Amino acid sequence: MNKTQISILLPTYNCSCKELVRSLQQQCADKVEYEIIVADDGSTEKQWIEENRVIESWPHVRYLVRQENVGRAAIRNFLARQAQYPWLLFIDGDISLDNPHFIQNYEKSRGEVVVGGLTIGGDPRQWRNNLRYRYEKDCEQAHNAESRQAKAHQEFRTTNFLIHRDILLQHPFDENFRYYGYEDVLFGKELQNSGVTIQHINNPVLLDNYENNILFLQKTEEALRTLYTFRRQLSGYSTLLRCTERLERLKMLSLVNFSYKITAKGIKQQLQGNNPKVFLFTIYKLMYFVHLIKQHQS
């Protein structure tokens, strides 16, 4: 299938994307017909908007600044409507690229939805006390292409994927997802319900910069609130939902909620400190989600 006409679409928020855009230009030059569209989704830190403005003068690049943050679902739908080419390559704007055959691999790929994956990088000495770095490294092996393909639709992620424009326009991201998390999970479910296959390949981008522990916990809690809000739509596509459903059948939700009330403060302090434990992070997510359930039941 001809994939030589590609719109590369980068949603950004409070980050610099200059090096990513430059790397993509270098790989695309004289190989594919391409455009790069960067859309800033209402960044609150204006220095990043100004820093990225240099790309406006670069060939094949458009830089669009949105005044309002519309969320991860709506900004991707917006980018798809702006694109002129039949193939859309979405990459998160805060990602790096150290894969010299990245564009070539996508060009040669098969399928109408292709997910390339993610490599966890960064200097271990710099990030050894960072919770997200530890968490991502702990999960990395479980997210290789073969493992992802075994649960192709459940493992869909928006960080790095190629899709035919017609499919995305026919099955857009659900813009009711205004807050962080899980819009990609529901998108994968919708593709499966519509009979659209997903091909996972080994064509990663690089994650090598991580938010601090406090911000990562805040984003995690926001994602869990999103999961609770859309729990019915996401049924069958979340390990956490399956786990809490099992606890409910065993009539253990109240016990877990009680444990949250007496331990949450201490666990959060540990996770925000200099030696965060991934297993405590997993326990905290479960307890926090159960707490959300019990809050809404009372």
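The structure presented is a predicted model; accordingly, all values stated were derived computationally and were not measured.
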Do [X] and [Y] belong together in a cluster built from hydrophobic side chains that touch within less than 4.5 Å?
| X | Y | answer |
| --- | --- | --- |
| Leu10 | Phe161 | no |
| Phe173 | Ile37 | yes |
| Leu89 | Val115 | no |
| Met287 | Leu241 | yes |

[X]/[Y] ion pair, N-O < 4.0 Å:
| X | Y | result |
| --- | --- | --- |
| Lys151 | Glu155 | no |
| Lys294 | Glu248 | no |
| Lys3 | Glu107 | no |
| Arg178 | Glu68 | yes |
| Asp40 | Lys46 | no |
| Lys219 | Glu222 | no |
| Lys137 | Glu140 | yes |

TODO: Compare every heavy atom of Glu211 with every heavy atom of Leu215, then report the nearest pair and how far apart it is.
DONE: CD2-CB, 3.7 Å

Open item on the list: Tell me the closest heavy-atom pair linking Cys17 and Gly93, and the distance in Å.
Closed with: CB-O, 3.6 Å

- [ ] Measure from the side-chain N and O atoms of Arg231 to the backbone N and O of Tyr228, and report whether any donor-acceptor pair falls under 3.5 Å.
- [x] yes

Open item on the list: Before we go on, tell me: are the rings of Phe156 and His200 under 6.0 Å apart, centre to centre?
Closed with: no

Task: Phe216 and Tyr210 aromatic centres sub-6.0 Å - done: no

Side-chain H-bond candidate by donor/acceptor type, [X] with [Y], under 3.5 Å:
| X | Y | answer |
| --- | --- | --- |
| Asn14 | Thr44 | yes |
| Tyr85 | Glu33 | yes |
| Gln27 | Tyr106 | no |
| Asn209 | Arg132 | no |
| Arg232 | Ser235 | no |
| Asn203 | Asn99 | yes |
| Gln82 | Arg62 | yes |
| Trp48 | Glu51 | no |
| Asn274 | Asn129 | no |

Task: Single hit among Tyr288, Tyr179, Tyr180 for side-chain hydrogen bond (donor to acceptor under 3.5 Å, both in side chains) with Arg225 - done: Tyr288

- [ ] Go through the steps for Arg165 and Glu112 under the test salt bridge (Lys or Arg N to Asp or Glu O under 4.0 Å), then give the verdict.
- [x] CA-CA 9 Å; Arg165 186 172 186 266; Glu112 293 185 312; over 6 Å; no

TODO: Test the Arg66-Phe78 pair against the cation-pi criterion, namely NZ or CZ under 6.0 angstrom from the six-membered ring centroid and within 45° of the ring axis.
DONE: yes

- [ ] With rounding to the nearest 0.5 Å, note down the distance linking CG in Asn130 to CD in Glu136.
- [x] 10.0 Å

Task: The single option from Phe187, Tyr182, Phe177 passing ring-ring contact (aromatic ring centres under 6.0 Å, His included) against Phe230 - done: Phe177

